[in-house]
Amino acid sequence: YKEAINKGYILNPVLKYLDAKETKHENELLSKMSKSTSKKALRYLLTDDSTIAHAVKQTLSYLDEFGNASALITTLSDQDKKIKQEIFKQDPSKTVLISTHHSDDPEVLEKFRVDKKYDILIVKTQASIGYDCPRIKVITNLSNYRQLPSFTQLIMRGCRNFKRDNGKPYKHFIVIAPKDPSMVELVSQFREDTGLLLEEVDFIVQEEYEAEITEENCEIYDPRFENHQTSSFVEEEYEENEKLIHELRKEFPGISAEHT
């Protein structure tokens with residue numbers, strides 16, 4: 001996997017855990033989950049309204065950031081319509097396709113693959129074996145699958161190289177998942193088995209601006225040191241940088257001041 005990523009054959013996966021503060025019952029449930037009660041507690045977590053709302057919010061946020069990409073959401077067999085309703089509640093403009101069969105319908109999967117008008121595909125068995133849809137760049141796991149082979153296959157649904165509308169290729173894709181003990185253990189197994197970091201992130205900034213950073217044209221700040229160094233600007237250069245920062249904040253509304 002590492003060699004394939006380094007050569008640009010496949011993309012690098014990064015991980016976004018659902019925030020416990022945004023998921024109503026996560027702290028009280030997941031901290032107490034034992035082997036005897038984990039399945040029941042996990043199902044309660046995955047079907048909870050706050051969990052679904054937060055997962056959809058994260059999915060839509062990253063989907064909008066990626067541009068012309070699509071999302072794949074895996075879920076329990078009786079939650080697909082609930083997730084679809086939540087998507088339309090948060091963003092009525094999104095188009096959704098549901099695989100209605102317990103074993104995902106090949107015709108639905110093919111329809112989503114070839115018809116780019118659909119933004120989100122909701123499936124039950126993870127569309128894991130051999131499904132190839134290169135524009136999938138956001139994968140949200142709301143299923144109770146916790147086996148390494150199927151999890152690896154699921155993640156690999158997003159690894160296909162695919163170019164954005166502006167012609168630039170993606171360099172990574174996002175995997176969204178609840179932070180239950182079995183998922184944390186599964187992620188650890190995935191890292192050990194594949195050698196991939198599956199690095200945790202707060203947000204992703206696409207590589208739209210690839211300017212060289214030098215002392216002459218920027219402010220240098222390193223949070224590891226108490227003081228920061230500021231290069232001297234002429235007035236025109238300062239104004240140009242202010243305009244660029246303004247444009248960056250418009251392009252990426254979720255970006256923090258420090259990252260700007």
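The closest side-chain heavy-atom distance from V175 to N141 is not below 4.5 Å. No side-chain heavy atom of Q58 sits less than 4.5 Å from a side-chain heavy atom of T140. At a threshold of 4.5 Å between non-hydrogen side-chain atoms, the residues V187 and E200 do not count as touching. Using a 4.5 Å heavy-atom cutoff, the side chains of T74 and Y145 are not in contact. Residues L15 and R191 form a side-chain contact, since some pair of their non-hydrogen atoms from C-beta on lies under 4.5 Å apart. Between H172 and F66, some side-chain heavy-atom pair lies under the 4.5 Å cut-off. Looking only at side-chain heavy atoms (C-beta outward), L121 and K111 stay at 4.5 Å or farther from each other. Residues I176 and L18 form a side-chain contact, since some pair of their non-hydrogen atoms from C-beta on lies under 4.5 Å apart.
In this structure, I122 and K84 approach most closely via the heavy-atom pair CD1-N, 3.9 Å. When all heavy atoms of F88 and K94 are compared, the closest pair comes out as CE2-O, 3.0 Å. Contact detail for L46 and I52: the closest heavy-atom pair is O-CG1, 3.8 Å. Of all non-hydrogen atoms in I155 and P13, the two that sit nearest each other are CG2-CB, 3.9 Å. The minimum heavy-atom distance linking S70 with F112 is given by the pair CB-CZ, 3.7 Å. Of all non-hydrogen atoms in V108 and I98, the two that sit nearest each other are CG1-O, 3.7 Å.
Other residues, nucleotides and ligands contribute at most 12 non-hydrogen atoms within 6.0 Å of the CD atom of E192. Counting heavy atoms of neighbouring residues, nucleotides and ligands inside a 6.0 Å radius, atom CD of E110 exceeds 12 of them.
Remark: the backbone N or O of T47 is paired with a side-chain donor or acceptor of K82 at under 3.5 angstrom. Under the 3.5 Å distance criterion, the side-chain polar atoms of K116 are left unmatched by any main-chain donor or acceptor of R113. Within the 3.5 Å criterion, the main-chain N or O of L109 finds a donor-acceptor partner in the side chain of Y131. Without hydrogens or angle criteria, S61 side chain to K57 main chain gives no donor-acceptor distance under 3.5 Å.
When the options D180, D78, D48 are evaluated for a salt bridge (charged side-chain N to carboxylate O under 4.0 Å, His left out) with R43, the one that passes is D78.
Here the straight-line distance linking atom SG of C133 with atom CZ of R157 works out to 10.5 Å at 0.5 Å rounding. With rounding to the nearest 0.5 Å, the separation of OG1 in T51 from CG in L45 is 4.0 Å. How far CZ of F190 is from CE of M183: 11.5 Å, rounded to the nearest 0.5 Å. A distance of 9.5 Å separates CZ in F173 from CZ in R160, rounded to the nearest 0.5 Å. To the nearest 0.5 Å, the span separating NZ on K16 from NZ on K179 amounts to 10.0 Å.
In the hydrophobic cluster analysis, where Ile, Leu, Val, Met, Phe, Trp and Tyr join through side-chain heavy atoms closer than 4.5 angstrom, L197 is grouped apart from Y1.
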Task: From CA spacing to verdict: side chain to side chain contact (heavy atoms under 4.5 Å, CB included), I5, L196 - done: CA-CA 10 Å; I5 288 174; L196 299 179; 3.6 Å; yes
